[in-house]
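Encoded as structure tokens, the structure appears first; notes follow it.
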Amino acid sequence: MVEKPAPVREENPAPEKAPVREEKPRQDNHPYQPQAMEKKWQEKWEADKLYRSVIDNTKPKHYALTMLPYPSGDLHIGHWYAMTPSDARARYMRMKGYNVLFPMGFDAFGLPAENAAIKDGVHPMKRTFQNIERMRKQMKSMGAMFDWEREVVSASPEYYKWTEWFFIQLYKQGLAYRKMSAVDWCPNCNTTLAREQVWGDDRHCERCGTPVIKKDLDQWFFKATKYADELLNFDGVDWPQTVKTLQTNWIDRSEGAEVQFAIVGPFSTLVPVFTTRPDTLWGATFMVFSPEHPLVDKITHPEYKQAVEEYKAQAARQTEIQRGAADKEKTGVFTGAYAINPVNKARIPIWIADYVMMSYGTGAIMAVPAHDERDFAFAKKYDLPIVPVIQPEVPIEAENGVMKAAYVGPGIMINSGKFSGTKVNTEKGRKNPGIAKVLDWIAAEGLGKESVNYRYRDWLISRQRYWGAPIPMIHCEIHGWNPVPDDQLPVVLPEDVEWKPTGESPLKLHPTWKNTTCPVCSGPATRETDTMDTFMCSSWYHLRYLSPHYDKGPFDPAEYDYWMPVDTYTGGIEHATMHLLYTRFFHKALRDAGIVEGHEPMLQLRNQGMVLGEDGDKMSKSKGNVIAPDVLVNKYGADSVRAYIMFFARWEMGAPWDSQGIEGSVRWVRRVWTLFTDPAQPATASAETKKDLRRKVHQTLRKVTRDFENFEFNTIISSLMELMNEMYKAREAGAAGSDEWKEAQEIYLKMMAPVTPHIAEELWAHLGKSYSIHQQAWPKVDEAAAKEDSIELPVQINGKVRDRITVPAEASEEQIKAAALNSEVVKKFLEGQEPKKVIVAKGRLVSIVI
RNA sequence: GCCGAAGUGGCGGAAUAGGCAGACGCGCACGACUCAAAAUCGUGUUCCCUACGGGAAUGAGGGUUCGAUUCCCUCCUUCGGCACCA
């Protein structure tokens, strides 16, 4: 599902061996050798089951979830960037006293493994599970607190049994249906795609970048649009505004009316049109149908047949990209048919034009050239009548009584029967008085009704591929489509299939697999041979983590009651309108089926940015700018890599990698090591030095705590670096060995523990503390210790800093003012005059205006 | 075209709630250690000025304010999303 480093996935590149950094033996007995030390602790933590998450009703729970990877073969630096800060946050929450669940798994179905099989014949199952093996090992080198006993693999029958079961639950809710329609098809992946998976101006496949084409196919859909309005509501969730905006724009709700237009003549019927501007109905001087509109053939008059057919053929040849170009010259042809404008009974011509899309609204529009730019351009080109029905405050600029452009602003309705004189503003929908009045009237007159339209489409889930969860449906000639009975789940993928890039599911080509019996009549029947979109698997994986081996249902209710909902979810923003929207829909559908509770599955969401190559480009094998985490771990140790990952960029922004920059984090870790392992000197420091140290420690603790709360990982590291520098100075001044020093060491390691878990554990043991530091409570800030005794305040004169004064921290405004005015520099500037104004910002500065 | 995010030294970035711009780190320079180098440690490092001192500076321009990286307006650039959406 997630963390795709590059559009094209690569499989199993040759493992890169990096030279292990030559470690010069230090003089003391404690050289920093991260590779052996990290391995030692990872094995001990595993053996001690330190990170197993077990229900504990005496503690508040915290479900921390980070998006699971697709097992592409190797862990990418992007995975580290997504996972290690999430791990640090989860560890912090654990130290804060929460019972934390932080699971990991694999989104294991998907095309790359199947495409590779077509190339080299290696079975996707074999390849996938080998890749998982490899990536699990690589992930363990992070030293993250993943609870591996809860690991899920979406491609295991134990998992996809329930993916199939969920499909059936949605089917039973009336949310899954089969429909023939023009769907997006990726000619490279040889399968259909959901609309969310078609990206960019050239409408390319989200996965492989190939431009998609349209195909008419019979496919399974989920009725996601049923939840369109609810999905626009983000009450009760703490999600980034950008994600909420992306989802809102994707759903794109627009309010208006559906109005019935009657067709005149031999083929008489009512045609609905959607409009957001029912207040301009009186200005509708023609209608335009999409060339694909099913009524076109029926209404076209014989003498126009040839032109219409030619135009339809021409439109069909064009790609959606060409048709979608907004600046393209409008074209169209007349059908010979007329309709009646329901509000003024005017007889208006019906045209077809490719600027009307079958996929939006009803595929037919009322054209109001006076107040719509596209209709205006069309009317101008084909010399159709333009009737203004909204009069602006300042009259429309016209040449010889002809409008020069469509008017889309506010004004007064004219030429609109009894509505003439009604005010129209720029508000949309009912908030606009003109629209509201017309809406009420057309409903009362039976001409149409208030209506809401969405850009959001139902979720197309059929994939014509092998390596996915089978759609558990059976087709019988007599009884149509029926779900596979529960006791026959899972429908297991056959292992003996042939790999051919045919554009048909290999399951269809299997000689026997599709043959089965009808659940209703037990007669011969066939299985659905398409599989499910892998986003179906990832829509509920957070539930399977609760009890990955539970076999009485998709999850153990006891685990559900304790752990759900997900408290913190982290992952890439590229899933804003895909996974993150699907999983919300899925949750709401399951809620209505009585399977889960609450309105949202994930309460808090945070997105990380992307690590770019050193050249500032997106990392990809073809560009040769890929950074391999394994190489870095071998060279520097996992703690240093974790520290640099968290330090080098604002997490939500991401940044280009810098191979030199990592040296700074490496130095930090090693300097901490030295600080803690060099023999302590007798404590000879002054009381003031020790007090200053203690102040800095507690100020840092306050800052680090706040930064963990806010996911500001980069400043956590810089604060720790600063404190380390202070500790070196304090040691120089003889603080080592004092009680304050011991407290500083203890708090320092606890603050470090979530970031660099191995060295923190090692040094904790070195200090003679009891195992494990990861079971220690997060330290408390001693506010009294953190408080400054005296503060230095800048003194501004006319906005420029001219002097600094030092005052006691508790000094009153009057005292600060007096001290500032007493400054020699200020006196010089004042030249004996009284200042016009003196502003004392307590604790900040003094500003004097002269 | 519409919606959103971002623009701060050579570089990554920092700056509670409008209050010392450049924390921390990289790089660079100089010094210590060394026969020498690496590593390590120390010092310095926004730019400009005949440098004691002063001036400019957070994409550009304007505004509010004693005071703006922060708030408001206009514009530019980059990135992301949507787009003949009726």
Which part of the nucleic acid, if any, lies within contact of A:Ala655, taking any heavy atom under 4.0 Å across all strands shown: a base, the sugar-phosphate backbone alone, or nothing?
->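 The answer is sugar-phosphate, as A:Ala655 gets under 4.0 Å only of primed atoms, P, OP1 or OP2.
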
Contact class for A:Trp250 vs. all strands (heavy atom < 4.0 Å): base, sugar-phosphate, or nothing?
->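 Sugar-phosphate contact only.
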
Any strand: nucleotide that pairs with [N] via Watson-Crick or wobble, under 3.5 Å:
{"N": "B:rG18", "value": "none"}
{"N": "B:rG31", "value": "B:rC41"}
{"N": "B:rG10", "value": "B:rC26"}
{"N": "B:rU65", "value": "none"}
{"N": "B:rG53", "value": "B:rC49"}
{"N": "B:rC84", "value": "none"}

From [options], nucleotide with atom closest to [X] side chain:
{"X": "A:Ser718", "options": "B:rC66, B:rA83, B:rA23", "value": "B:rA23"}
{"X": "A:Met357", "options": "B:rA86, B:rG42, B:rG19", "value": "B:rA86"}
{"X": "A:Phe274", "options": "B:rG19, B:rA86, B:rG25", "value": "B:rA86"}
{"X": "A:Lys837", "options": "B:rG55, B:rA83, B:rC66", "value": "B:rC66"}
{"X": "A:Ser847", "options": "B:rC66, B:rC85, B:rG42", "value": "B:rC66"}

With a 4.0 Å cutoff (strictly under), does any side-chain N or O of [X] reach OP1 or OP2 of [N]?
{"X": "A:Arg844", "N": "B:rG18", "result": "no"}
{"X": "A:Lys428", "N": "B:rC2", "result": "no"}
{"X": "A:Asn714", "N": "B:rA14", "result": "yes"}
{"X": "A:Arg455", "N": "B:rA83", "result": "yes"}

Does a distance-only test, which skips hydrogens and angles, find a donor-acceptor pair under 3.5 Å between the side chain of A:Lys330 and the base of B:rC84?
->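 Present.
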
Is any N or O donor-acceptor pair between the side chain of A:Arg667 and the base of B:rU40 shorter than 3.5 Å?
->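 When only heavy-atom distances are counted, A:Arg667 does not reach the base of B:rU40 through any donor-acceptor pair under 3.5 Å.
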
For the residue pair A:His575 and A:His579, categorise the inter-ring angle as parallel (less than 30°), tilted (30 to 60°) or perpendicular (more than 60°).
->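 The arrangement is perpendicular - the two ring planes meet at more than 60°.
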
When syn is taken as a glycosidic angle within 90 degrees of 0, is B:rG63 syn or anti?
->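 Nucleotide B:rG63 adopts anti.
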
Where A:Gln247 and A:Ala576 come nearest, the two heavy atoms and their spacing =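 That would be NE2-O, 2.8 Å.
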
Decide, yes or no, whether a salt bridge links A:Glu255 with A:Lys428 under the criterion of side-chain N to carboxylate O below 4.0 Å.
->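 Salt bridge between A:Glu255 and A:Lys428, a charged N being under 4.0 Å from a carboxylate O: no.
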
Charged N to carboxylate O below 4.0 Å: is that the case for A:Glu783 and A:Arg702?
->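 Looking at A:Arg702 together with A:Glu783, the answer is yes, because their closest N to O distance falls below 4.0 Å.
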
Is it true that the side chains of A:Arg455 and A:Asn249 contain a donor and an acceptor less than 3.5 Å apart?
->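 No.
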
When you match A:Asp707 and A:Ala841 each to their closest nucleotide on RNA chain B, which lands nearer the 5' end?
->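 Mapping each residue to its closest nucleotide by heavy atoms, the 5'-most match is A:Asp707.
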
